[in-house]
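By convention in this document, chain letters (A, B, ...) are assigned in the order of the sequence lines, proteins followed by strands, and residues within each chain are numbered from 1.
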There are 2 protein chains.
Amino acid sequence: MTTAKTRHHHGDLKRALIKAGIDLLEEGGLEALSLRKCAARAGVSHAAPAHHFAGLPGLISAIAEEGFAIFSKYMTDAIDAGKQTDRERLRSTCRGYLQFGLSHSGLLKVMFGEHGLGIHAPRNKREEADAYLILRSVCAPFVPEGEDSQIVEAQVWSLIHGFTLLYLGGEFGCTDTPLEDSPFEAVMALIDRIGTPAKA
Amino acid sequence: MTTAKTRHHHGDLKRALIKAGIDLLEEGGLEALSLRKCAARAGVSHAAPAHHFAGLPGLISAIAEEGFAIFSKYMTDAIDAGKQTDRERLRSTCRGYLQFGLSHSGLLKVMFGEHGLGIHAPRNKREEADAYLILRSVCAPFVPEGEDSQIVEAQVWSLIHGFTLLYLGGEFGCTDTPLEDSPFEAVMALIDRIGTPAKA
DNA sequence: AAGATTAACTTTACAGTGTCAAAATCATCG
DNA sequence: CGATGATTTTGACACTGTAAAGTTAATCTT
């Protein structure tokens with residue numbers, strides 16, 4: 001095997017580098033993330049990462065992948081927390097979305113490509129698609145017969161994504177106000193109206 | 001006077017630096033922006049900017065201010081384009097919001113603090129507040145009697161902000177599809193329901 | 001088992017970056 | 001004219017990412 005356990009030198013660099021990168025990210029934000037610091041944390045030379053990732057963008061891409069996995073976990077955990085109706089599942093998913101952003105803002109920024117240009121090297125296929133599938137599944141009950149499911153998904157995603165980023169940026173006032181306070185409930189109220197007939 | 005026109009050396013650095021920074025941003029994205037390159041474009045030494053801004057964060061902050069001014073212009077221009085009903089004004093504002101993002105994605109990222117940590121040095125007071133006032137004014141007609149205006153504002157802002165960023169990130173497919181195509185109309189449809197009574 | 005080959009990692013070097021301290025320049029005022 | 005203070009330059013430092021060449025360890029081949 002070529003990528004198993006006891007490799008000659010380090011054993012499992014690549015994973016160690018990704019973990020170091022995530023730690024750096026959570027400790028000091030985007031600015032604190034650097035190839036050389038990751039290498040140092042993993043106990044290897046500063047040029048070692050080049051053999052596992054295509055430079056810094058490659059490492060960031062790998063970190064983003066891991067981020068999407070954690071992100072998915074936040075959403076599924078929120079869903080599985082005893083909620084039952086379709087509407088409650090949708091709300092819980094959004095709550096998980098926000099909660100992930102609050103707990104891992106650095107990851108969120110990296111995942112959605114705010115670290116430089118728009119798109120990072122290769123698009124993260126698997127993990128990102130998995131996360132989208134969760135969103136899709138909770139949106140499905142609200143898609144009208146024969147309509148494009150992307151409509152509801154875009155509405156929900158735009159709403160919760162926008163709110164999370166604005167809230168995180170402090171645009172709604174202090175970031176350390178109670179969770180359910182603030183305009184979050186307003187956004188939830190609008191979520192509740194998605195897929196619902198308008199008044200005649 | 002201290003910040004007028006024909007000053008001794010350059011004449012009007014600071015503005016030249018800001019302009020150079022914006023140009024860099026539009027040409028090469030966030031990565032292309034650097035203090036030294038701004039200085040070079042303005043024809044001064046690499047350490048000259050330090051006397052006009054508090055380092056790179058200071059310059060970015062100044063650029064963001066300018067960005068908010070341009071941003072406001074996009075929205076007011078969209079509003080003044082012949083629309084009349086309150087609903088149409090709201091839609092036009094959102095269209096201007098998106099249009100600004102599409103035309104100045106680098107500025108948008110800088111303005112909303114995606115360039116590192118969350119908050120850049122001093123919060124841009126004036127220009128940012130002005131932009132928010134535009135949003136507030138078009139939202140006002142849809143705020144129910146005696147309710148907090150922030151509710152409607154947060155709903156609209158989250159929706160259009162989230163959509164703009166997701167669309168810009170290519171999350172809704174190709175970025176170069178026709179403007180009014182894509183899920184943009186879905187978001188507009190949801191905007192139309194804000195401040196409207198739900199069906200009994 | 002012994003030599004050859006490949007992969008992982010190190011070392012060295014280079015072009016950039018932001019930032020600071022000291023020196024030089026210039027405009028203006030007294 | 002001389003002095004003062006703001007403006008800019010020069011030089012240096014500690015970082016950053018990246019590329020090339022050298023070194024070591026594991027695997028493959030015969």
Side-chain angles (χ1 to χ4, degrees), chain A residues 1-21 23-25 27-64 106 110 115-117 120-122, chain B residues 1-21 23-25 27-64 106 110 115-117 120-122:
Chain A
M1 6 183 105
T2 51
T3 55
K5 285 226 159 185
T6 40
R7 212 80 183 88
H8 37 16
H9 280 85
H10 181 277
D12 198 359
L13 243 174
K14 184 155 190 173
R15 188 141 228 107
L17 289 170
I18 294 175
K19 179 169 181 55
D23 290 348
L24 263 310
L25 215 48
E27 290 171 22
L30 247 175
E31 324 241 66
L33 178 61
S34 92
L35 263 184
R36 287 173 113 106
K37 271 189 270 196
C38 287
R41 288 218 174 188
V44 295
S45 183
H46 67 262
H51 287 257
H52 296 273
F53 307 100
L56 181 63
L59 174 61
I60 289 183
S61 201
I63 291 177
V110 153
H115 57 280
L117 269 294
H120 19 95
Chain B
M1 14 183 102
T2 51
T3 55
K5 284 229 162 185
T6 38
R7 211 80 182 87
H8 35 19
H9 280 86
H10 181 276
D12 196 359
L13 243 175
K14 185 154 189 173
R15 188 140 229 106
L17 288 170
I18 294 175
K19 180 171 181 52
D23 289 348
L24 263 310
L25 214 47
E27 291 171 19
L30 246 176
E31 324 242 65
L33 179 61
S34 93
L35 265 183
R36 289 172 112 104
K37 271 188 271 197
C38 288
R41 288 218 175 188
V44 295
S45 185
H46 66 263
H51 287 258
H52 296 272
F53 307 99
L56 181 62
L59 174 60
I60 289 183
S61 200
I63 291 176
V110 152
H115 55 281
L117 269 295
H120 19 94

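The side chain of Ser34(B) sits closest to dT17(C) out of dT9(D), dT17(C), dC9(C).
Computed from coordinates, the Leu59(B) CG to dT19(C) C1' distance equals 14 Å when rounded to whole Å. Look at CG on Leu13(B): it is 13 Å from C1' on dT9(D), rounded to the nearest Å. One atom, CG of Leu35(A), and another, P of dC9(C), lie 14 Å apart when rounded to the nearest Å. Computed from coordinates, the Leu56(A) CG to dA15(C) C1' distance equals 16 Å when rounded to whole Å. Between the CG atom of Asp12(B) and the P atom of dT7(D) there is a distance of 12 Å, rounded to whole Å. Between Leu17(B) atom CG and dG18(C) atom P there is a gap of 12 Å when expressed in whole angstrom units. Atom CD1 in Ile60(B) sits roughly 11 Å away from atom C1' in dG18(C) (whole-Å rounding). A straight line from CD of Glu31(A) to P of dG18(C) spans 12 Å, rounded to a whole angstrom.
Residue-to-nucleotide contacts include a donor-acceptor pair under 3.5 Å from the side chain of Arg36(A) to the base of dG17(D). The base of dT8(D) lies close enough to the side chain of His51(B) for a donor and an acceptor atom to sit less than 3.5 Å apart. Donor-acceptor pairing under 3.5 Å, judged by distance alone, is absent between the side chain of His46(B) and the base of dG16(C).
Between Lys37(A) and Glu27(A) there is no salt bridge, since no side-chain nitrogen of the basic residue lies less than 4.0 Å from a carboxylate oxygen of the acidic one.
The CD1 atom of Ile18(A) sits 10.5 Å away from atom CG of Leu13(A), with the distance rounded to the nearest 0.5 Å. Here the straight-line distance linking atom CG of Leu24(A) with atom OG of Ser34(A) works out to 6.5 Å at 0.5 Å rounding.
Remark on DNA chain D: of its neighbouring residues Ala47(A) and Lys37(A), the 5'-side contact belongs to Lys37(A), judged by nearest-heavy-atom nucleotide.
At the heavy-atom level, Lys14(A) lies nowhere under 4.0 Å from the strands shown. His52(B) comes within contact range of the sugar-phosphate backbone alone, with a heavy-atom separation under 4.0 Å but no base atom that close.
For the pair Leu59(A)/Cys38(A), a side-chain contact is recorded, criterion being any heavy-atom separation below 4.5 Å from C-beta on.
For the OP1/OP2 pair of dC9(C) and a distance below 4.0 Å, the side-chain nitrogens and oxygens of Ser45(A) include no atom meeting the criterion.
Within a 6.0 Å sphere centred on CZ of Arg41(B), heavy atoms belonging to other residues, nucleotides or ligands number more than 12.
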